[in-house]
Every structure is written in C-alpha cells, then in structure tokens.
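When a residue number appears, it is its place in the shown sequence, counting from 1.
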Amino acid sequence: MVTKLARGALPVVILLALTGLAGLAGARIYAEGPLLPLLLGAAAGSILLSTLLRPLPSWTVAPVSMLALGGYTLLAVNLTLRADADMTLVSAYLDAARNALPRLLTAAVPVEAAPDTVLVPIVAIWLAGLLGAELAGRGGRLLFGALPPTVAYAGALVLAGPNAQPALWQPLTYAGVCAVGLALTARQRTTAPVVTGDVPSPEKDRVFQLRAIGGAAAGLAAMLAVAVAAGPLVFGGVGKEPHDPRTAVVPPREDALDANPLIRISGWAAQPTQHLLDAELPGDMPIRLAVLSEYDGVTWKVGADYRNAGKVLPSVTGPATTGRSSVVKQSYTVAELDGGLVPAVSTPNRIDNMRVAFDSRSGTLFKQDRLAPGQKYQVESVYTKPDVNLLSVADVPSGDAYARYLSVGSTLPPELVNLANHVSENNPGAYAKAYALQGFLAEHYKFTATAASGHALPNLKFFLTSTAAEGGRSGTSEQFAASYAVLGRMMGLPTRVVVGFKGRAGKHPVLASDATAWPEVLFSGVGWVSFDPMPQDQNTKPLEEDYTPPPPTKTPSVSPSQVSQSPLASTAAPADGKGIAAEPVLTAPVLLMLSGVLLFGLLVFGALVVGLLRRSRTGRRLRSGTPSERVLGAWLEVRDAIRLAGHTPPPHLTASEIALYASLVPVRRRSAGHGEPLPPLGQLAELVNVVGFAPGLLGEPEASLAVEQAVAYVRALRGRRSLFNRVAWSLSIRPLLWKPSRPVVAEPGIAHAAPRA
C-alpha cells in the first residue's frame, strides 16, 4: 500500500518541483512583494486540485480548475492591491484582466508586484500545472506532463530577458529533476510484471539483447548528431545578450507640454504667485521635473522611454555622477501643477503613494493619468555632488553613443558659431570651456520675466546677438539654459537641459516663480555636472567689451514676435487642463487578435501532439510485442473505437458478447455503406479467449488475423460517421486517458480475466 502510494505521489512531486522552478525563474525580475509565494501557491493549487479530481470524469477537471483559478487570482489581486490605490477590489481585478499583458511588458525592472503585473505569470503557472498534471496523471506520461512547465520556464526566461542576473543553478536543477523523474517512472514500468505468453529461450534472449543494443546505439548516434548540429548555435548564443520583449511594445507617451516642458517657463514666469506644489526637503537643492536631451534646432524634447514602475525604481543606466552621495527623503503635495511629469530631487530610487513610469536613462518620473490636486507622495533619492578636484582635468566622452547630446540641427547661424569660437578660445580644457561659457552668459545677459518664449536657433540668435535696444540680450531661464546647451554643443561639450524648481530646506510652497531651467554637461569619469548661467544681478557687462560681433548682414534685424517659434511653443493646454490623452499601449482589437492567434497556435500544437500520441500507441498495440500482446492490442483498439462512437460496453459482458454488441453499434448519418453490416469480430473474440487460457498457443498468423479484423472494424465504424465526427475521432484525447480494462473471456459464472495488454 505504501509503495503504491509512493509511486502515485512521485509524478506529483516532480511536477510541483518543475512548475515551482518555472515560477522562480519568472520572479527574479520582480521587486518586493508576495509574487514568489503566489506563484508557488498557483503551482501547488493547480497540480493538487487536478490530482484530487482524478477519480472524476476528465471533462469536469477544467471547469473546476478554472473556477479555482478565478478565486486564486482574486486573492492575488487583493494581496497586491496597494493601500493607497483609488480603486475597489473588483475594479482593480477587471483593470488587471484587461491590461495585464501590455502593462507587464511596459513595466520597468524591477517590476512591482501589483495586480496588473502579477496576473499573467500566475495564470501561466496555473495552466502549466493543470496541463502537466492531466498529461502525467491521467495519461500516465510524465515526459509529456513535463512539457507545459518547460514552456512556462522558457516563457519566464524570455520575460526576464537581459534584466535578470544569470542563475546557472536553476536550469541545472530543472534538468536534474526532469532526469530523476523520468528515470524513476521508467524504472517503475520495467519492474511491473509483463505476460508475454511465449516460452523464454536463449535465442529469444539474444534477439532481445541485440535489439536493445541496436536501439541504444541508434539513440546515441541521434544524440551525437543533434549535439553536433545544435552545439555551435548554443555556444554562439552564450555570450550574447538575451532579447528583451519590452522593446517591441510602445511605452506610455507624454503629451505636448510634457514632451517639452521648457516652453512652460515663460508662462510660469508671467504668473509668479501660482501655487504649484508643496515640498518638504532636508536642505536647499534643485527639484527636477524633466531632462531634455534631444534638440533638432527648433525644439528641445524629453525623448524619454518611460516604463511602468513600482515603489522600488530601477537603477539609472548610462554614466553615473561620481562624488559625495547622500540619501534624500522628500515629501510632496500637488497643488496647481498639471501634466504627467512628477517632480523629484536628483535620481530617485523609491516612490511611495503614487504609481509612476520611470525613464532609466534620465532618472525622471511620469504619471500616465496626470497629477491631481491634493495628491501626496514621498520620494527617496540619491543626491550626488561631483568631485570638483576631478573636473579640472576631466575630458568629455565622444562616439555614437553620445551623438544625441551633440546635435544642434542641420543649419547653424554663423553668428552663433563665431560666438562659440570666441568663448572657447584660450580655454583648451573641457571644464575650462564649460566654466567660461557659464561666466560669459551670466556677465553679459539679463533676466527678464516677461521675455517671450522660444528656444529655436533663430530665437537664440536674437537673444545672443541683438542689441538691448532691439530687444535682445534678455530672457528667462529658458533662453539662458538653451543658449548654454546649444553653444556648448558647438564647442564639443555633450549637454542637456533640465527643467525644475528651486528647492529650499524644510516644508515650503513651490511657486511658479521657483520654476527654472539649467544646463548640464557630461564629463568622463565624473558624470553629469550642473551649471548656472543665470546672472546674479542686473548689472551686466556690455557684450562689446569682450566680443565684437561679425559685420551685420543685409538682412534687417527682427523682433521676437517675428522670429520663427517652436511648433510646441504655441501649444496650450485644453480648457479642462487634462492635456492630450496618452495613446494606449495595445488596443483591444490588437490584443484580441494576438490572443486569438496564440489560442489557435496552442490548439493546432495540441492537436498535432494528440494525433502523434494516438498513432504511436496504435502502432505499438498492433505491430510490436508477442502474438498474444498484439491480439490484446487489437482488442483494445476495438474497445476504444466503440467508446469513441459513443457506446461503452457494459463491463460484465464477455468478449463474445462484446463482439455481438459491436456489430449493433448504430451510425449517425446515412452513407454509401450504411445498410451494410459492420465487419465481424467473432474470430477476434475467440482469440482473446485463447489469450486468457492458453496464450502460448497463438502464433503470428493468429495475431495477423486479429489485427486485420480490428483494423477493418475500426475503419468501417469511423468511415460511417460525418466528416466533423471523423476529425474529432482522430484528434480526441480521451483514448489516451482511458485505462485499459481486463476483458472477460469466459461465460458469466465462470469468468476469468485475461492479463492486461
């Protein structure tokens, strides 16, 4: 009893281990949260439930398991729903069901265990456990039962992509569990008693040994061929970075104002008392709103790749700022600040009470459903002050990776080129050029809150080269930061523009007058360094004392109103203040189409697997084994055909009575042979009786006769059914799950059961 129980529990244990390892592989890219226990619970729940339901008919397992999956996913949503979420359990569940896949593929790594990011892996692990338990339990095929967990494991590796550290022990453990499970289950089958019906002899033993050696040699040759063919491909991919599926999905997009918040500086300067937000900081430090890295000569753009993130934010990719670092904890309350960009100090690594998307290249935050008045959140950032001692000897990086920080458009005004050359002369070092440019702008230009917005090259040319009488040489921080960044790029300095606010120590309101922009320069070995080209007072130095502009061209000067503006400069927010809605990542029709294609592919794959298994088992029954085994195999094929026709013979009937029962099986449509009787099975039934009493009397002619009668009967019975029923007959998985019964070979009262086939 104990041995039988252990044999029955072995496939369950193996499947639990395989499915659990698949869940562990997928959980590596998740941050804090209960995802791993939920995945292990899904694996255990699906497999154990299928095992407990095994005595019931096979068609009852899937509906019961799907109901249990619905309850389990509801529990998972409840456990991962954040306390500050503004939605109920039901609305969160429905939202996760609609958007689980696109949000998972647009989430930044590490992924937060939220309702819409845990639903896909939980469902995948549950289905893998269910299919594996059914194939290994009811079908008795542990090899095929291991396929669904293996597919789930491969899917977890694809989902992680290059975002998780290598874990060599996991695939080795997975392969080891598979090998141990297959070896133990194979050993159980070989030790079971087999009735051959033949008298053993040395000649037959030698034949058996030769067959075994030949089969082993053929298998070894096939393995070597596969190893030689696939070896280079496998080893060639070891050093390559895995493909990240997130690159194929469009992340959340910002609207026009969020794509270029630099154009909002003038609007904020015109309303200096507007209350944007409340901030609580441990010291005086700037608050970043956006980082603009791309410039085409007309517009500065954020160019960010925002990915949905959780509380714990990913590390910033690219050059890191070196120097003295400190952890800064901040608290914010939104007032009248609109848009989707989320303010934070420096490089945030954690955010609480707000669901955001994160750009790992710039370290900025974005809220897809926009900021709302009264919304509170807390941020933890790493604030780094660069090492000044390294700046004097630091150089700037170059190459294709930094080309985006040096682009200034296709057509450069000669006046700006001459001005950049003037500032850079006598300043051979990179830091010397950057520091000289900061001083040049701060000394010769004035801050004017009422200056017109604009940072295209014509705007900057007017700001930098026109006289004060013409309206030039004065502007807001928009013109100062943009001018510094453009001139710096002309001087060979990788630059970018940052938009944010002046932050003060303690709890204080942030007004529109605190909005500002500043440039940053990238230095090798140091990172991004901020510069402040804004004048300290209004006592500026005339430009002509340090720089003589080139002779004026014949083109008359123009006023700021005549200068070509940025296409986004005139873009205003709609009256409702909500801006342009972000485009959906995956529309419902596309998601439905992808789901349909995936489902169709799974159905086709399942049909092919079932068809191959059915054909392989029929071949073993009819063409392999001793004559007695082939007779019993032919009988089992007939029994399966009768059951597929919808008529299961009562278990108390003898073989002869079942043969008579089989000849009376009705058909479901009229056909050419509908009026003809089905092929007889009397001789096959007599041979089954002989197997039960004297198996050694049967030879090859009797086995061939049994196979011929069985094939003729099955072919005739299947051929009299409709086309749809014939296709369903060939692809039905039910015969693989039926247990072979012992045929009654004698008349009632003296019944004797023949050995199992």
Side-chain angles (χ1 to χ4, degrees), residues 192-201 204 207-208 614-667 673-721 729 734-736 738-757:
V194 177
V195 180
T196 63
D198 292 340
V199 179
S201 64
K204 292 183 178 181
V207 173
F208 176 77
R614 291 272 307 277
R615 183 177 293 273
S616 175
R617 190 178 68 170
T618 299
R620 290 196 308 271
R621 283 177 172 178
L622 301 181
R623 290 185 291 271
S624 63
T626 64
S628 299
E629 291 174 339
R630 293 174 62 192
V631 170
L632 289 181
W635 182 252
L636 291 176
E637 285 295 307
V638 171
R639 293 288 299 265
D640 288 350
I642 298 174
R643 296 183 68 177
L644 284 172
H647 301 276
T648 303
H652 64 277
L653 296 182
T654 64
S656 301
E657 292 171 339
I658 292 179
L660 178 61
Y661 181 91
S663 65
L664 302 176
V665 172
V667 295
H674 177 64
E676 301 177 1
L678 291 169
L681 296 173
Q683 291 178 307
L684 176 58
E686 293 177 0
L687 293 175
V688 171
N689 290 331
V690 175
V691 171
F693 292 107
L697 298 179
L698 297 179
E700 187 62 29
E702 289 79 8
S704 299
L705 176 61
V707 171
E708 182 181 350
Q709 284 199 352
V711 170
Y713 178 83
V714 173
R715 185 175 299 167
L717 183 60
R718 179 179 177 274
R720 298 188 183 187
R721 304 179 67 79
W729 179 301
R734 293 182 298 156
L736 297 176
W738 291 335
K739 295 181 179 179
S741 59
R742 299 175 181 269
V744 180
V745 299
E747 297 297 328
I750 54 171
H752 178 77
R756 286 182 184 267

Legend entry - Residue pair Trp635 / Ile658, side-chain heavy-atom distance below 4.5 Å: yes
Legend entry - Distance-minimising heavy-atom pair for Ala703 and Val631: CA-CG2, 4.1 Å
Inset, instruction - Might you point out which heavy atoms bring Ala706 and Ala634 nearest each other, and give the distance in Å? - result: O-CB, 3.7 Å
Inset, instruction - Give, for atom CD1 of Ile642 and atom CG of Leu678, the distance between the pair rounded to the nearest 0.5 Å. - result: 9.5 Å
Legend entry - Over all atoms of both residues, closest heavy-atom pair of Tyr661 and Pro650: CE1-CD, 4.4 Å
Inset, instruction - Could you list the residues that satisfy side-chain hydrogen bond (donor to acceptor under 3.5 Å, both in side chains) with Ser624, not counting sequence neighbours? - result: none
Inset, instruction - For Arg615, enumerate each residue passing the salt bridge (Lys or Arg N to Asp or Glu O under 4.0 Å) test, keeping only those at least two apart in sequence or located in another chain. - result: none
Legend entry - Separation between CZ of Arg621 and OG1 of Thr618, rounded to the nearest 0.5 Å: 6.5 Å
Inset, instruction - Go through the structure and list residues passing side-chain hydrogen bond (donor to acceptor under 3.5 Å, both in side chains) with Arg623, not counting sequence neighbours. - result: none
Inset, instruction - Please identify each residue that fulfils side-chain contact (heavy atoms from CB on, under 4.5 Å) with Thr648, with sequence neighbours left out. - result: Arg643
Please tabulate, for the side chains in residues 692-702, all donor-acceptor contacts under 3.5 angstrom to protein atoms that are two or more places apart in sequence or on a different chain.
| unit_1 | atom_1 | unit_2 | atom_2 | d |
| --- | --- | --- | --- | --- |
| Glu700 | OE1 | Arg630 | NH1 | 3.2 |
| Glu700 | OE2 | Arg630 | NH1 | 2.4 |
| Glu702 | OE1 | Gly699 | N | 2.9 |

Legend entry - Where Pro677 and Arg720 come nearest, the two heavy atoms and their spacing: O-NH2, 3.3 Å
Legend entry - Shortest non-hydrogen contact between Val688 and Ala655, atoms and distance: CG1-CB, 4.2 Å
Legend entry - Asp640: which of Arg617, Arg718, Arg614 passes salt bridge (charged side-chain N to carboxylate O under 4.0 Å, His left out): Arg617
Considering only distance and modelled atom types, tabulate donor-acceptor pairs under 3.5 Å from the side chains of residues 707-716, sequence neighbours left out.
| unit_1 | atom_1 | unit_2 | atom_2 | d |
| --- | --- | --- | --- | --- |
| Gln709 | OE1 | Leu684 | N | 3.0 |
| Gln709 | NE2 | Gln683 | OE1 | 2.7 |
| Tyr713 | OH | Ala662 | O | 2.6 |

